[in-house]
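In what follows, a structure is listed as structure tokens, so that the remarks can point back to it.
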Protein chains: 2
Amino acid sequence: MAKTKLGRNESLVLEALRDASGAPRTAYQLLETLRPDGLKAPLQVYRALKSLSERHLVHRLESLNAYLACSCTHEESGEGGHALVFAICDACGTVREFADPALGERVKALSAESAFTPRFAATEIHGTCADCRAG
Amino acid sequence: MAKTKLGRNESLVLEALRDASGAPRTAYQLLETLRPDGLKAPLQVYRALKSLSERHLVHRLESLNAYLACSCTHEESGEGGHALVFAICDACGTVREFADPALGERVKALSAESAFTPRFAATEIHGTCADCRAG
DNA sequence: GACAGTAATGTTATTACATAACGGCCATGA
DNA sequence: TCATGGCCGTTATGTAATAACATTACTGTC
């Protein structure tokens with residue numbers, strides 16, 4: 001299932017996201033960044049992002065339509081799937097990523113109550129980070 | 001802060017969402033639905049959705065770019081803000097909405113650990129509902 | 001009623017995000 | 001060799017959301 005090696009475009013996109021370190025980037029921002037490297041069309045970026053997502057190397061932030069290099073060591077792929085948490089600072093835009101087991105358990109419990117079979121869950125918390133609060 | 005009464009477009013959009021009962025609708029789907037009622041431009045729908053969101057009568061499902069009539073009685077507006085949970089069936093598209101206090105507490109705790117000040121959090125669980133699993 | 005102020009609405013155009021459809025290149029192994 | 005599959009490139013298009021500006025409807029006041 002998981003493919004073996006990253007292709008050129010995938011490597012470029014992943015590197016660009018890691019350079020951003022904590023700052024999410026939209027697909028079109030990535031495209032601009034990577035134009036000097038020869039990327040020209042949105043689809044090149046989107047394909048790379050899709051592939052990287054499937055390998056759990058990047059995540060999509062749904063509420064921002066943006067992408068983030070994964071900072072967690074996923075010991076995951078467990079049955080219930082992943083339960084990621086993102087703390088998004090609306091002031092400076094940086095994002096911290098967690099993989100919280102307790103929250104994952106709560107998601108499972110809630111799902112069970114509704115006879116719902118979860119496959120994947122993500123929590124996005126919007127607020128203000130410590131640095132921005134300090135000002 | 002909260003305005004008094006719904007305008008015509010707001011009422012139309014809210015009604016359309018409630019008619020969908022559990023099924024999320026995109027802004028453009030709503031526009032098509034409401035064309036017979038005289039709506040013509042996306043902005044009319046988006047403005048209504050924004051206003052309704054601020055009143056907590058509808059929610060946006062980030063992972064679907066779609067909107068849902070709120071089914072909860074929000075006794076909320078507490079300090080930490082809301083912590084909503086959506087169980088999204090990827091098979092039939094229906095969505096169940098919860099307001100889970102335990103999960104809200106976990107979000108607060110996680111935030112505190114990172115000196116992050118939360119304002120709003122939403123959890124979207126993708127999976128399969130009981131009906132679809134039964135087939 | 002006449003008027004000013006404000007909230008709601010309407011219209012056009014544009015930006016931003018994402019995918020469809022098609023074709024080419026090249027490694028590798030039967 | 002040549003068929004297969006993975007990766008890559010390009011054009012065109014679909015879908016989601018907002019900017020900018022004009023207009024209409026609903027107040028209260030005099």
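Within every chain, numbering begins at 1; the chains are lettered A, B, ... in the order of the sequence lines, protein sequences first and strands thereafter. What you see is a predicted model; the values in this text were computed from it and never measured. These numbers come from the heavy atoms of this one structure, side chains and all, not from hydrogens, waters or symmetry mates.
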Partners passing side chain to side chain donor-acceptor pair (under 3.5 Å) against A:T117 (at least two apart in sequence or in another chain):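 Partners of A:T117 by the side chain to side chain donor-acceptor pair (under 3.5 Å) criterion, ordered by chain and then number, come out as B:R133.
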With sequence neighbours excluded, residues passing side chain to side chain donor-acceptor pair (under 3.5 Å) with A:R25: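 Side chain to side chain donor-acceptor pair (under 3.5 Å) list for A:R25, sorted by chain: empty.
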Mind checking whether [X] and [Y] have side chains closer than 4.5 Å, heavy atoms only?
X      : Y     : answer
A:E124 : A:L64 : no
A:S71  : A:E97 : yes
B:D131 : B:T94 : no

Of residues 25-36 of chain B, the positions that come close to DNA chain D - non-hydrogen atoms, cut-off under 4.0 Å: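 Residues of residues 25-36 of chain B under 4.0 Å from DNA chain D: B:T26, B:Y28.
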Please report, rounded to the nearest Å, how far the [atom2] atom of [N] is from the [atom1] atom of [X].
X     : N      : atom1 : atom2 : result
A:L64 : C:dA18 : CG    : P     : 11 Å
B:R8  : C:dA7  : CZ    : C1'   : 17 Å
A:K5  : C:dC26 : NZ    : P     : 16 Å
B:L49 : C:dT9  : CG    : C1'   : 15 Å
B:K50 : C:dT9  : NZ    : P     : 14 Å
A:D37 : D:dG9  : CG    : P     : 11 Å
A:L12 : D:dC7  : CG    : P     : 15 Å
A:R60 : D:dA16 : CZ    : C1'   : 11 Å

hydrophobic_cluster_shared for A:V13 and A:Y46, side chain cutoff 4.5 Å: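 Same hydrophobic cluster.
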In one Ile/Leu/Val/Met/Phe/Trp/Tyr side-chain cluster, 4.5 Å: A:L103, A:F120: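 Not linked; separate clusters.
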With sequence neighbours excluded, residues passing side-chain contact (heavy atoms from CB on, under 4.5 Å) with A:L39: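 Testing A:L39 for side-chain contact (heavy atoms from CB on, under 4.5 Å), a comparison that skips the adjacent residues, returns A:N9, A:L12, A:L31, A:L34, A:Q44, A:V45.
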Positions of residues 39-47 of chain A (non-hydrogen atom under 4.0 Å from DNA chain C), listed by number: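 Here the set is A:L43, A:Y46.
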Identified side chain to side chain contact (heavy atoms under 4.5 Å, CB included) partner of A:S111 from the options B:T128, B:V85, B:I125: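 Passing option: B:I125.
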Residue-phosphate contact under 4.0 Å: B:N65 side-chain N/O, C:dA18 OP1/OP2: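 Checking C:dA18 against B:N65, no side-chain N or O comes under 4.0 Å of OP1 or OP2.
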Residue pair A:E32, A:R35: steps toward the salt bridge (charged side-chain N to carboxylate O under 4.0 Å, His left out) verdict: CA-CA 5 Å; A:E32 284 315 304; A:R35 243 179 232 290; 3.1 Å; yes
Terminal axes of the helix from C:dG1-D:dC30 to C:dA30-D:dT1 (five pairs each): angle between them, nearest 10 degrees: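 Roughly 20° between the end axes, to the nearest 10°.
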Heavy-atom pair with the smallest gap, counting every atom of A:F116 and B:I88: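 In terms of heavy atoms, the two residues are closest at CZ-O, 3.2 Å.
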